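Working notes, beginning with the structure itself.
The shown structure was predicted, so the numbers you read here are calculated from the model rather than taken from an experiment.
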Amino acid sequence: LEVGDCFVFGRGGAPASEPRRIRVRLHAVDTPELVQPHGLAARDALASLTRQRSLALDCYKRDPRGRAVCRVTDPGRSDAARDIELALLQQGFAWYYRAFSGEQTAEERADYAAAEADARVLRRGLWQQDAPMPPWTCRERLRAASTCD
């Protein structure tokens with residue numbers, strides 16, 4: 001795993017003409033960078049939701065870093081963890097990335113916004129902090145050779 005919103009998906013039965021591994025970026029969440037508080041916990045949460053699971057990917061574009069941007073679900077689950085991104089939001093390890101809400105269904109927008117709001121109120125995960133720094137702010141600081149504290 002790279003961070004809490006990206007992972008490498010192994011395609012064991014892929015034809016020889018197709019890649020066996022795909023770098024995936026979750027489509028509508030953003031998690032803390034690894035140098036931020038809860039960054040490692042977000043990565044671990046994603047690992048627990050995806051590792052050794054048969055996942056369904058709905059990939060619809062590539063990001064500027066060449067990763068496949070995908071909705072990721074676990075068809076083997078019938079609980080809230082079926083939608084991997086929604087589960088991260090509910091656990092408090094992600095921000096709902098509203099900049100990409102236009103790429104979501106109305107139901108996804110409502111569910112994701114509600115999950116983040118609930119996690120904030122219940123002070124789950126990164127919301128235990130009074131004012132957690134959004135990862136996009138941290139990335140700007142890192143590009144400017146500053147820190148994310």
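The nearest pair of heavy atoms linking Arg62 to Ala68 is NH1-N, 3.4 Å. Closest approach of Pro32 and Ala42 over heavy atoms only: CD-CB, 4.0 Å. In terms of heavy atoms, Asp74 sits closest to Arg53 at OD2-NE, 2.6 Å. Taking each heavy atom of Ile84 and Leu55 in turn, the nearest pair found is CD1-CD2, 4.4 Å.
In this view, Phe93 satisfies the ring-ring contact (aromatic ring centres under 6.0 Å, His included) rule with no residue, not counting sequence neighbours. Under the side chain to side chain contact (heavy atoms under 4.5 Å, CB included) criterion, Thr105 pairs with Glu107, Glu108, not counting sequence neighbours. By the side-chain hydrogen bond (donor to acceptor under 3.5 Å, both in side chains) test, Arg141 pairs with no residue at all, sequence neighbours left out. Residues passing the side-chain hydrogen bond (donor to acceptor under 3.5 Å, both in side chains) test with Arg109: none are found, sequence neighbours excluded. By the side-chain hydrogen bond (donor to acceptor under 3.5 Å, both in side chains) test, Arg124 pairs with no residue at all, sequence neighbours left out.
Rounding to the nearest 0.5 angstrom, the gap separating the SG atom in Cys138 from the CG atom in Leu34 is 9.5 Å. Taken to the nearest 0.5 Å, the OH atom of Tyr96 stands 15.0 Å off from the CG atom of Leu88. Atoms SG and CZ, from Cys6 and Arg43 in turn, are 12.5 Å apart once rounded to the nearest 0.5 Å. Taking OG1 of Thr147 as the start and CE of Met133 as the end, the distance is 7.5 Å to the nearest 0.5 Å. For the atom pair Leu126 CG and Glu116 CD, the distance stands at 8.5 Å (nearest 0.5 Å). To the nearest 0.5 Å, the span separating CD on Gln90 from CG on Leu122 amounts to 11.0 Å.
The side-chain heavy atoms of Trp95 and Arg120, taken from C-beta on, include a pair separated by under 4.5 Å. Between Thr50 and Val24, every side-chain heavy-atom pair lies at or beyond the 4.5 Å cut-off. Looking only at side-chain heavy atoms (C-beta outward), Asp44 and His38 stay at 4.5 Å or farther from each other. Within the 4.5 Å cutoff, the side chain of Thr31 has no heavy atoms near those of the Leu46 side chain.
A continuous path of hydrophobic side-chain contacts links Phe100 to Trp136 [ILVMFWY only; heavy atoms under 4.5 Å]. The cluster map of Ile, Leu, Val, Met, Phe, Trp and Tyr, joined by side-chain heavy atoms under 4.5 Å apart, puts Phe9 and Val72 in the same cluster. Residues Leu49 and Tyr112 fall within the same hydrophobic cluster, defined by Ile, Leu, Val, Met, Phe, Trp and Tyr side chains chained together at heavy-atom separations under 4.5 Å.
Not one N or O on the side chain of Gln36 forms a donor-acceptor pair closer than 3.5 Å with the backbone of Cys148. In terms of modelled atom types and a separation under 3.5 Å, the side chain of Arg23 and the main chain of Phe7 share no donor-acceptor contact. The backbone N or O of Arg139 lies less than 3.5 Å from no partner atom in the side chain of Glu33, so there is not a single donor-acceptor pair. Panel note: side chain Asp5, backbone Leu26; no donor-acceptor pair is recorded below 3.5 Å. In terms of modelled atom types and a separation under 3.5 Å, the side chain of Arg77 and the main chain of Arg82 share no donor-acceptor contact.
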Practice prompt. Go through Glu85 and Thr73 one step at a time and tell me if the side chain to side chain contact (heavy atoms under 4.5 Å, CB included) criterion holds.
Written response: CA-CA 8 Å; Glu85 294 167 279; Thr73 55; over 6 Å; no

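Contacts classified as disulfide (SG to SG under 2.5 Å) and involving residues 27-62 (residues at least two apart or in different chains) are given here: Cys59-Cys70.
Salt-bridge annotation for Asp30 and Arg25: present, with a side-chain N of the basic residue lying under 4.0 Å from a carboxylate O of the acidic one.
Looking only at atom types and distance, the side chain of Tyr60 has a donor-acceptor partner in the side chain of Glu103 under 3.5 Å away.
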